[in-house]
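FYI, the numbering just counts along the sequence from 1.
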Amino acid sequence: MAAELSPLLVGAEIKEAKGPPLPQTSQEQINAVVHYYRGEMGRMAGWRDRIDRTSNWAITVVAALLSVSLSTPSSHHGVLLFAMLLITLLLLIEARRYRFFDVYRARVRQLERGYFAQILAPDGAPNLNWAASIAKSLRKPAFLMSYREAVCRRLQRNYCWMYLILLLAWALKISSPKLSTNGEPFGHVRSWADVTQNAALGPLPGWPVILVVVLFYAVVLYGSLHKEPGEGELAHGEVHV
């Protein structure tokens with residue numbers, strides 16, 4: 001009995017190894033493309049949702065620590081420096097997520113430009129480069145942008161404004177007169193020496209703290225203005241994340 005079943009099992013294994021059959025008709029090919037498009041849209045939307053969550057966390061952190069720092073006269077300016085570190089961490093996390101999002105966004109946009117747009121309004125002879133590009137990405141997935149480029153893009157979209165708000169609040173904090181417990185001002189800031197004294201952080205004097213902040217914001221400014229030579233999807237249209 002076992003000898004009779006063994007050829008059947010071998011045949012089943014060979015048949016299973018071949019995988020599902022490829023679409024044979026145009027209708028089957030259209031159905032496959034439509035279902036694939038829906039799948040890529042779902043993956044893209046999932047990573048987009050993760051990006052939005054990180055941005056929401058960063059906005060919440062900025063709002064909360066601004067309230068803590070500016071609402072009480074005894075709060076230290078170090079709270080704002082801590083907020084800068086926190087949103088930097090969130091920026092790095094979001095840049096990693098953005099690189100994954102960009103892979104699926106590129107596939108979806110290639111399908112839309114090369115296939116669906118051609119169906120709705122044919123524009124010359126169809127170009128199948130988009131299909132070859134998607135097939136290459138499916139066979140060997142790879143990131144389409146560097147980590148530095150992803151950080152710069154997220155800075156340009158959202159985070160540069162958060163950093164600017166924190167910088168203005170920090171400058172206001174170290175340049176404003178201190179307040180007594182009853183709300184009356186004392187120790188008015190009259191010179192740079194007073195500003196540097198207010199910028200002191202624990203055992204660190206004010207000048208090194210100010211210098212570190214200036215260098216940090218020079219890097220932020222560079223990232224906010226930097227443009228990569230390869231535009232990728234940015235070369236097509238004006239609606240981008």
side-chain contact (heavy atoms from CB on, under 4.5 Å) test vs L65 passes for just one of I87, V79, L166, namely V79
Q: Could you tell me whether a side-chain N or O of K173 sits under 3.5 Å from a main-chain N or O of S69, the two making a donor and an acceptor?
A: yes
Residues 38-48 vs salt bridge (Lys or Arg N to Asp or Glu O under 4.0 Å), sequence neighbours excluded, gives E40-R43, E40-R107, R48-D52
Nearest heavy-atom contact between H76 and G78 is ND1-N, 2.8 Å
Smallest heavy-atom separation, G114 atom then Q118 atom, equals O-CB, 3.6 Å
Practice prompt. Is it possible for you to say whether V33 and I119 belong to one hydrophobic cluster, with membership spreading through side-chain heavy-atom contacts below 4.5 Å?
Written response: yes
Rounded to the nearest 0.5 angstrom, the CD1-OG1 distance for I30 and T25 is 8.5 Å
Please tabulate, one pair per line, all N/O donor-acceptor pairs under 3.5 Å involving side-chain atoms of residues 210-224, not counting sequence neighbours.
| unit_1 | atom_1 | unit_2 | atom_2 | d |
| --- | --- | --- | --- | --- |
| Y217 | OH | Y163 | O | 2.6 |
| Y217 | OH | L167 | N | 3.4 |
| Y222 | OH | H226 | ND1 | 3.3 |
| S224 | OG | V220 | O | 2.8 |

With sequence neighbours left out, the residues meeting ring-ring contact (aromatic ring centres under 6.0 Å, His included) with Y37 are F116
- Taking S175 for the side chain and A171 for the main chain, is one N or O donor matched with an acceptor at less than 3.5 Å? yes
**Q.** Side-chain donor or acceptor of R154 paired with backbone N/O of L91 under 3.5 Å
**A.** no
Heavy-atom side-chain proximity of W170 to M84 below 4.5 angstrom:
yes
Discussion item. Go through it in stages, so that I can follow the logic: the residues are R99 and E149, the test is side-chain contact (heavy atoms from CB on, under 4.5 Å), and I'd like the CA-CA distance, side-chain angles, deciding distance and then a yes or no.
Written reply: CA-CA 9 Å; R99 295 181 76 196; E149 184 179 357; over 6 Å; no
Members sharing L89's hydrophobic cluster, built from side-chain contacts under 4.5 Å between Ile, Leu, Val, Met, Phe, Trp and Tyr, are I93
- Query: Are L164 and F82 in one and the same hydrophobic cluster, where Ile, Leu, Val, Met, Phe, Trp and Tyr link if side-chain heavy atoms are under 4.5 Å apart?
  - Reply: no
Sequence neighbours excluded, the answer for salt bridge (charged side-chain N to carboxylate O under 4.0 Å, His left out) partners of R148 is E228
CZ (R157) and SG (C152) are apart, to the nearest 0.5 Å, by 11.0 Å
Residues at least two apart in sequence or cross-chain that pass side chain to side chain donor-acceptor pair (under 3.5 Å) with D123, listed by chain then number, are none
Check your understanding: Any chain of hydrophobic side-chain contacts (each under 4.5 Å) joining L144 to Y98?
Key -> no
_For V209 and I174: C-alpha separation, side-chain torsions, deciding distance, then whether side-chain contact (heavy atoms from CB on, under 4.5 Å) applies._
CA-CA 11 Å; V209 175; I174 64 173; over 6 Å; no
* To do: Could you check R105 against D102 for salt bridge (charged side-chain N to carboxylate O under 4.0 Å, His left out), going step by step and ending with a plain yes or no?
  => CA-CA 5 Å; R105 186 260 304 275; D102 183 65; 2.8 Å; yes
Here the gap from T54 atom OG1 to L92 atom CG, rounded to the nearest 0.5 Å, amounts to 11.0 Å
Q) Any link between M162 and L168 through a network of hydrophobic side chains (Ile, Leu, Val, Met, Phe, Trp, Tyr) touching at under 4.5 Å? A) no
Does W161 share a hydrophobic cluster with W57, counting links as ILVMFWY side-chain heavy atoms below 4.5 Å and allowing steps through other members?
no
- side-chain hydrogen bond (donor to acceptor under 3.5 Å, both in side chains) between Y159 and E94, intermediate numbers included: CA-CA 10 Å; Y159 283 80; E94 185 167 321; 2.7 Å; yes
One should read off an interatomic distance between I51 CD1 and N158 CG, to the nearest 0.5 angstrom, of 10.0 Å
Exercise. Counting only heavy atoms not in R96, do more than 12 fall under 6.0 Å of its CZ?
Worked result: no
CE of M44 to CZ of F101, rounded to nearest 0.5 Å, is 5.5 Å
Self-check item: Beyond-backbone contact of V108 with Y104, side-chain heavy atoms, under 4.5 angstrom
Solution: no
Inset, instruction - Using modelled atom types only, decide if a donor and an acceptor are shared between the side chain of S67 and the backbone of A63 within a distance under 3.5 Å. - result: yes
Please examine the side chains of M145 and R153, heavy atoms only from C-beta on, and report whether any two atoms are closer than 4.5 Å.
-> yes
Heavy-atom nearest pair, V151 first then A95, reads CG2-CB, 3.5 Å
Between the CZ atom in R97 and the CH2 atom in W47, the distance rounded to the nearest 0.5 Å is 7.0 Å
key: E28 side-chain N/O to Q24 backbone N/O, donor-acceptor pair under 3.5 Å   = yes
